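Notes for the one structure printed next.
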Amino acid sequence: MQRVNVTASAKPEIIVIAIDGPAGAGKSTVAKALAQKLGISYLDTGAMYRALTLKAMRAKVNLEDGAQLAQLAQRTKIEFKPTGQGLNILLDGEDVSEDIRSPEVTNNTFYSARAPEVREIMVKWQREIGQKQSVVAEGRDIGTVVFPNATKKFYLDANFEERAQRRVKELREKGKNVDEKELQKELGDRDQKDFSRKVGPLKKADDAIVIDSSGNTVDQTAEILLDYLR
Ligand code: DC
């Protein structure tokens, strides 16, 4: 795969590409493809909120209690292990890459995401990662809160029907039974929670480039983003 140089200086600078947008807009696949093309790391911030949620569910912590979730986060180690295809997520050393994508974790992650105490910890961890290495970071508050000085910011969107269809396809490919109406309802609920959260809501940064990925393949969208970086 061809690599793209985005800096002309002899000394490699740390670059941060921020990608925000709603669930199902294609952020993770596009961010992965872009990171690979640029030869830099991919940072999946949603996986961090998911991993903490999984740990809280297993430990039967009251998910309504943000302070308890934050205490749990302080005793938690979340790491990313790059693989040929993407990233494995390690929760206190255990590979939870599959478990954090379960419908239960997906539907409960809003508890961790809405707790200001938790977000403070997550944002700190994410900044530490982005200070050490170049990253393509994707999430909801990357360009607005985590990396307001990112090298480039994108807001990736797609129409609701297509976002829902992408989720249906993804789950069916994993052999899961999917009720399309139920999935649409869940996606609508997640959108509403993402946009209305008091802290770190999903919001386009003023200086973000908006890309509508409706009708595009991952590669087509990644190419559009790359064109902006060249
Ligand atoms: O992108 P995702 O579906 O893996 O995100 C999981 C959840 O975490 C979702 O409910 C939104 C939330 N999230 C967030 O609040 N802030 C981020 N930077 C990333 C994800």
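Source: prediction; values computed, not measured. We use all heavy atoms of the structure for the numbers below, so side chains are in, but hydrogens, waters and symmetry mates are not. When a ligand or atom number is given, it counts from 1 through the structure's own listing order.
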Original post:
Counting each atom of ligand 1 from 1 as listed, which ones have a heavy atom of Ala113 under 4.0 Å away?
Top reply: 12 (C), 15 (O)
Subject >> Minimum heavy-atom distance Gly21-Lys27, with the two atoms named >> reply: O-NZ, 3.0 Å
Original post:
Val145 and Ile129: same hydrophobic cluster, using ILVMFWY side-chain contacts below 4.5 Å?
Top reply: yes
Subject >> Test salt bridge (charged side-chain N to carboxylate O under 4.0 Å, His left out) applied to Glu94 and Lys77, Lys55, Arg58, the passing residue >> reply: Arg58
Subject >> Phe110 six-ring face occupied by Lys193 cation (under 6.0 Å, within 45°) >> reply: yes
Original post:
Quick one: does ligand 1 sit under 4.0 Å from the side chain of Met48, the backbone, both or neither, non-hydrogen atoms only?
Top reply: neither
Subject >> Closest non-hydrogen atom pair, Tyr49 against Ala113 >> reply: CD2-CA, 3.8 Å
Original post:
Among all residues two or more places apart in sequence or in another chain, which pass the side chain to side chain donor-acceptor pair (under 3.5 Å) test with Gln126?
Top reply: none
Original post:
Applying a 4.0 Å heavy-atom criterion (strictly less than), which segment of Arg190 is in contact with ligand 1: side chain, backbone, both, or neither?
Top reply: side chain
**OP:** Could you see which bit of Val146 sits under 4.0 Å from ligand 1, with heavy atoms only: side chain, backbone, both or neither?
**Re:** neither
**OP:** Report yes if some N/O of Asp44 lies less than 3.5 Å from some N/O of ligand 1; otherwise report no.
**Re:** no
**OP:** Flag the pair Glu223 and Lys37 as a salt bridge only when some basic side-chain nitrogen lies within less than 4.0 angstrom of an acidic carboxylate oxygen.
**Re:** yes
**OP:** Tell me which protein heavy atom sits closest to atom 20 (C) of ligand 1, plus the residue, atom name and distance to 0.1 Å.
**Re:** Gly46 CA, 3.5 Å
**OP:** Please confirm whether Tyr49 comes within less than 3.5 Å of ligand 1 when only nitrogen or oxygen atoms on both sides are compared.
**Re:** no
**OP:** Show which atoms of ligand 1 fall inside a sub-4.0 Å distance from at least one heavy-atom site of Arg119.
**Re:** 14 (C), 15 (O), 16 (N), 17 (C)
**OP:** Could you tell me whether some N/O pair between Glu138 and ligand 1 is separated by less than 3.5 angstrom?
**Re:** no
**OP:** Decide whether Leu226 and Ile40 are clustered together by the hydrophobic rule: side chain heavy atoms of Ile, Leu, Val, Met, Phe, Trp, Tyr closer than 4.5 Å, transitively.
**Re:** yes
Subject >> Nearest neighbour of atom 2 (P) of ligand 1 from the list Arg197, Lys193, Arg140, on a heavy-atom basis >> reply: Arg140
Original post:
Does any N/O atom on Thr109 come nearer than 3.5 Å to any N/O atom on ligand 1?
Top reply: no
Original post:
In terms of atom number and element, which parts of ligand 1 are under 4.0 angstrom from non-hydrogen atoms of Asp194?
Top reply: 11 (C)
